[in-house]
Amino acid sequence: MCIRDSATPIRVFVVDDHEVVREGLVRMLSRLPDIEIVGTAGSGEEAIEKVPYLAPNVVLLDLRLPGVQGLEVLRTLMTLTDPPRVLVLTVHDDEDLVLGASRLGAMGYVLKNTSRSELATAIRRVAAGGHYFGEEVIATVLRGAQQEALAEPLTERELQILRLLTDGLSNKDVGERLYLSPDTVKSHLVNVYRKLGVESRAHAVAVAIRRGLVE
């Protein structure tokens, strides 16, 4: 993932097929001293072309785009040598889309009716390596999981590690916080991923929120 100096503004790239929305986001976010808009795209193809050269820290990505759809854009961006962190910004709170985006590597998911304050918080959290899912998004996935339970429950240690993942900590940081070696943390994560049926940190966080395992 792109790493930035915390003293420099967060480089943000906006992907949305509606010009009015793009311009509104640029105006709104440009007023914040710690955020710099480095580019925009009105289609998936344009985003795939521009992002590698502009190297943003965070990509704000709509999922409904003409041509190449948002999830495919996300999949392509994650194959870059130094992929950006992706925050989905859309009107769609469908559970499958939320989990699909998380599975592909999105580190956050918020709806377009969010406030500027919450959007800025989400951008900052994602830029710092954490995850952010809006309250309405969490409510959607929780509604779809009311009857769902883990076939094999997580241990208390695995839950501790999962909560720290939600805060964006690296394996090394998790180990230092819990006095565990990196190999031990990795071993626990293998078990967490297996039990949750996931393959990535972001997907693990989304599923954990969905099942009420973390706040």
Side-chain angles (χ1 to χ4, degrees), residues 1-4 6 10 57-61 74 78 83-89 93-111 114-115 117-215:
M1 292 289 182
C2 294
I3 299 175
R4 71 181 188 91
S6 59
I10 302 167
N57 303 118
V58 176
V59 171
L60 287 184
L61 178 65
L74 173 58
M78 289 301 100
R85 295 183 169 99
V86 175
L87 173 62
V88 172
L89 178 63
D93 62 350
D94 178 84
E95 180 184 358
D96 290 336
L97 283 177
V98 177
L99 294 179
S102 301
R103 186 178 298 114
L104 290 173
M107 298 182 71
Y109 198 115
V110 294
L111 301 183
T114 188
S115 66
S117 175
E118 183 179 9
L119 180 57
T121 296
I123 291 171
R124 292 168 184 141
R125 180 83 59 82
V126 167
H131 299 82
Y132 192 95
F133 294 87
E135 289 186 7
E136 292 181 59
V137 175
I138 293 173
T140 295
V141 293
L142 285 179
R143 283 197 301 271
Q146 288 178 345
Q147 305 302 320
E148 190 177 78
L150 284 171
E152 185 178 356
L154 298 179
T155 66
E156 183 56 37
R157 178 64 82 191
E158 289 166 352
L159 285 170
Q160 288 178 325
I161 291 174
L162 190 54
R163 293 181 186 115
L164 292 175
L165 286 189
T166 304
D167 293 333
L169 272 65
S170 66
N171 285 10
K172 179 182 177 183
D173 292 336
V174 170
E176 291 177 352
R177 183 75 62 88
L178 299 178
Y179 303 103
L180 300 173
S181 71
D183 286 342
T184 300
V185 173
K186 184 177 180 180
S187 177
H188 281 303
L189 284 177
V190 169
N191 288 331
V192 169
Y193 290 178
R194 175 179 56 80
K195 291 178 180 181
L196 295 181
V198 302
E199 298 178 357
S200 71
R201 287 170 177 258
H203 193 196
V205 170
V207 171
I209 291 173
R210 171 184 179 178
R211 296 177 178 176
L213 301 175
V214 298
E215 296 181 354

Smallest separation among heavy atoms of [X] and [Y], with atom names:
{"X": "Leu111", "Y": "Leu89", "value": "O-CD1, 3.7 Å"}
{"X": "His188", "Y": "Leu180", "value": "CD2-CD1, 4.3 Å"}
{"X": "Leu162", "Y": "Ala208", "value": "CD2-CB, 3.4 Å"}
{"X": "Val59", "Y": "Pro84", "value": "CG2-CG, 3.7 Å"}
{"X": "Val126", "Y": "Arg85", "value": "O-CD, 2.6 Å"}
{"X": "Val110", "Y": "Gly134", "value": "CG1-N, 4.0 Å"}

(message) Under a 3.5 Å distance rule, please check whether Ser102 uses its side chain to pair with a backbone N or O of Val98 as donor and acceptor.
(response)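 Here the side-chain-to-backbone pair exists.
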(request) Evaluate the side-chain contact (heavy atoms from CB on, under 4.5 Å) criterion for residues Ile161 and Glu158: first the C-alpha distance (whole Å), next the side-chain angles of each, then the deciding distance (0.1 Å), finally the verdict. (result) CA-CA 5 Å; Ile161 291 174; Glu158 289 166 352; 5.8 Å; no
Rounded at 0.5 Å granularity, tell me how far [atom1] in [X] sits from [atom2] in [Y].
{"X": "Arg194", "Y": "Leu154", "atom1": "CZ", "atom2": "CG", "result": "9.5 Å"}
{"X": "Leu165", "Y": "Asp173", "atom1": "CG", "atom2": "CG", "result": "11.0 Å"}
{"X": "Leu87", "Y": "Arg125", "atom1": "CG", "atom2": "CZ", "result": "11.0 Å"}
{"X": "Arg157", "Y": "Asn191", "atom1": "CZ", "atom2": "CG", "result": "13.5 Å"}

(request) Verify side-chain contact (heavy atoms from CB on, under 4.5 Å) between Val185 and Leu178, making sure each step is shown before the conclusion. (result) CA-CA 9 Å; Val185 173; Leu178 299 178; over 6 Å; no
(request) Test Glu176 against Leu169 for side-chain contact (heavy atoms from CB on, under 4.5 Å), laying out the working first. (result) CA-CA 10 Å; Glu176 291 177 352; Leu169 272 65; over 6 Å; no
(message) Measuring only between side-chain heavy atoms, which start at C-beta, is Val88 closer than 4.5 Å to Leu97?
(response)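 No, side chains not in contact.
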(message) Quick one, Leu119 with Leu60, criterion side-chain contact (heavy atoms from CB on, under 4.5 Å). Give me CA distance, side-chain angles, the key distance, then yes/no.
(response) CA-CA 10 Å; Leu119 180 57; Leu60 287 184; 4.2 Å; yes
